[in-house]
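Below is one structure, written out as structure tokens, with a few remarks after it.
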Protein chains: 2
Amino acid sequence: MRRTRFDDAYCPIARTTDLLADWWTPLVLRELFAGRRRFEQIVEALDISRAVLTQRLNRLIDEGIVEKHQYSERPVRWEYRFTEKGRALWPVLSAMWRFGEDWMFGEAPSVELVDAETGAAVRPLVIDAETGRPMDSFRSRVRLSRPTPVD
Amino acid sequence: MRRTRFDDAYCPIARTTDLLADWWTPLVLRELFAGRRRFEQIVEALDISRAVLTQRLNRLIDEGIVEKHQYSERPVRWEYRFTEKGRALWPVLSAMWRFGEDWMFGEAPSVELVDAETGAAVRPLVIDAETGRPMDSFRSRVRLSRPTPVD
DNA sequence: CCGAGTGCGTTCTATGAACGAACGTAGTCA
DNA sequence: TGACTACGTTCGTTCATAGAACGCACTCGG
């Protein structure tokens, strides 16, 4: 069966899930954030099936996350660049990085987040912009304002 | 073919992806964060296949995200509660909520994040804990310190 | 004591999706 | 001319998902 789509749900978490909570997509985004913009670079870095990468990139294009940009006339060559919307996913990937770093490792991970200029380590933290307090599942919660399931 | 596993990757994003970037898992977590702790409640709220919910909850138990807690002797009844590690996923879900809210909606979403006590709206923001600056894909980036692909 | 209801899964079948390898294509370079 | 590069597409096998039906232990009302 085809999987259930969440892209029309009335919940931001559901729509974001529909977009990036599938196999490979977050890692494709990681590669793009790491500066790899070409198809073959990503295939090589991730050891991903070309068919799957094609499908994922097309999905990201359809959603307005990346766009195809021609960087060579002859031969015709394209690279994939983030749109503004795509760059807005960086905080989400960052939060995933932080969780993984804090809870999924004993040893030190080999993928780090660093300041682009100084090279200093960066530690993502999710706060409430109103109060400045770190997000805490005891202090904040999901409220469903419509009775709709999923949505 | 079975899908490629990322749980032994040396990248925090990859390990977190392995954990929650699959179909349904983020929505199951959303329901748990919204206060639904029982199997039947989640089935009803999400309209999810029982088989899939069973598989997802068992995975979350194996990973130490939730634990099964008996709340009734006769009849034997269980509910699913977050561990400390599970509550640490709240910032990740929050960041997903914020992205969805900012970029995936024209109208207002029906799922909101509120302060548990005051009921005031909460706006998650991902910052660098060192500098206090919002995470920005121009100012920070992924650095791969080992040559390993994926990992 | 019987039959319906509840809560929580398991089993079953079909249909998709993912994987990996091979193939195609358009151009470059020696 | 033949090898190589960068990007995909096609194909067959295997796995996951959806949805419905079934199972089971217990409770409750009559």
Side-chain angles (χ1 to χ4, degrees), chain A residues 1-9 14 17-28 31-32 35-62 66-81 149-150, chain B residues 1-9 14 17-28 31-32 35-62 66-81 149-150:
Chain A
M1 280 277 178
R2 179 210 277 113
R3 25 188 189 187
T4 308
R5 295 305 300 267
F6 308 131
D7 53 347
D8 59 343
T17 295
D18 193 84
L19 176 62
L20 58 74
D22 72 24
W23 232 235
W24 291 113
T25 296
L27 292 178
V28 171
E31 292 306 313
L32 292 168
R36 299 196 231 267
R37 294 204 271 241
R38 304 218 297 268
F39 190 91
E40 214 64 20
Q41 285 182 318
I42 300 174
V43 166
E44 195 177 352
L46 292 179
D47 196 21
I48 183 179
S49 155
R50 293 154 183 285
V52 174
L53 180 57
T54 300
Q55 190 271 323
R56 293 301 191 277
L57 286 171
N58 286 337
R59 173 82 203 283
L60 291 172
I61 290 167
D62 290 345
V66 300
E67 49 196 14
K68 226 169 163 172
H69 180 257
Q70 186 169 346
Y71 70 91
S72 163
E73 193 78 32
R74 300 178 59 81
V76 177
R77 290 283 182 274
W78 303 86
E79 60 183 18
Y80 299 89
R81 293 187 180 178
V150 179
Chain B
M1 281 276 178
R2 178 213 274 119
R3 22 189 191 187
T4 308
R5 294 304 301 266
F6 308 132
D7 53 349
D8 59 343
T17 295
D18 193 83
L19 176 62
L20 58 73
D22 73 23
W23 232 235
W24 289 114
T25 296
L27 293 179
V28 171
E31 291 305 314
L32 291 168
R36 299 196 230 266
R37 293 204 272 242
R38 304 219 296 268
F39 191 91
E40 214 64 22
Q41 284 181 318
I42 300 174
V43 166
E44 195 176 353
L46 292 179
D47 197 21
I48 184 179
S49 154
R50 292 156 182 283
V52 174
L53 180 56
T54 300
Q55 190 272 324
R56 292 300 191 275
L57 287 171
N58 286 336
R59 174 81 203 281
L60 292 172
I61 290 168
D62 290 346
V66 300
E67 48 196 14
K68 226 168 162 172
H69 180 258
Q70 185 168 346
Y71 68 92
S72 162
E73 193 78 33
R74 301 177 58 80
V76 177
R77 290 283 181 273
W78 304 87
E79 61 183 17
Y80 298 89
R81 293 186 180 177
V150 178

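Throughout, a chain's letter reflects where its sequence line sits, starting with A, and its residues are numbered from 1. Keep in mind it's a predicted model, so treat the numbers as computed, not measured.
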So how far is it from B:L60 CG to B:Y80 OH, rounded to the nearest 0.5 Å? 10.5 Å
According to side-chain contact (heavy atoms from CB on, under 4.5 Å), who are the partners of B:R37, at least two apart in sequence or on a separate chain? B:E79, B:R81
Most 5' of B:R56 and B:P75 on DNA chain D, judged by nearest nucleotide: B:R56
Going by side-chain hydrogen bond (donor to acceptor under 3.5 Å, both in side chains), name the residues that satisfy it together with B:R50, two or more places apart in sequence or in a different chain. B:E40
Between atom CG in B:L53 and atom C1' in D:dT17, what is the gap in whole Å? 14 Å
dist B:D47:CG -> B:I42:CD1 (nearest 0.5 Å) comes out at 13.5 Å
Separation of D:dT9 atom P from A:N58 atom CG, nearest Å, is 7 Å
Rounding to a whole Å, what distance do you find between A:D22:CG and D:dA16:C1'? 14 Å
Only counting residues at least two apart or in another chain, list the ones meeting side-chain contact (heavy atoms from CB on, under 4.5 Å) with A:R77. A:Y71, A:S72, A:P75
Figure out the CD1/P separation between A:I48 and D:dC7, and round it to whole Å. 15 Å
By ring-ring contact (aromatic ring centres under 6.0 Å, His included), which residues pair with B:W78, not counting sequence neighbours? none
Classify the angle between the aromatic ring planes of A:W24 and B:F6 as parallel (below 30°), tilted (30 to 60°) or perpendicular (above 60°). perpendicular
Take the protein atom CD of A:Q55 and the nucleotide atom C1' of C:dG20, then report the distance between them rounded to whole Å. 16 Å
Specify the angle, to 10°, made by the local axes at the two ends of the helix from C:dC1-D:dG30 to C:dA30-D:dT1 when five pairs are taken at each end. 0°
Atom CH2 of A:W23 to atom P of C:dC19: distance rounded to whole Å? 9 Å
Measuring only between side-chain heavy atoms, which start at C-beta, is B:F39 closer than 4.5 Å to B:T54? yes
What's the CG-P distance between B:D18 and D:dA16, to the nearest Å? 13 Å
Nearest 0.5 Å please: distance from the CD1 atom of B:I48 over to the CG atom of B:L53. 4.5 Å
Nucleotide by nucleotide, nucleotides 1-9 of chain C touches protein heavy atoms under 4.0 Å in the pattern (B base, S sugar-phosphate only, - none) -----BSBB
Does B:T4 put a side-chain nitrogen or oxygen below 4.0 Å from OP1 or OP2 of C:dC19? yes
Could you state the atom-to-atom distance from CG of B:L27 to P of D:dT17 in whole Å? 14 Å
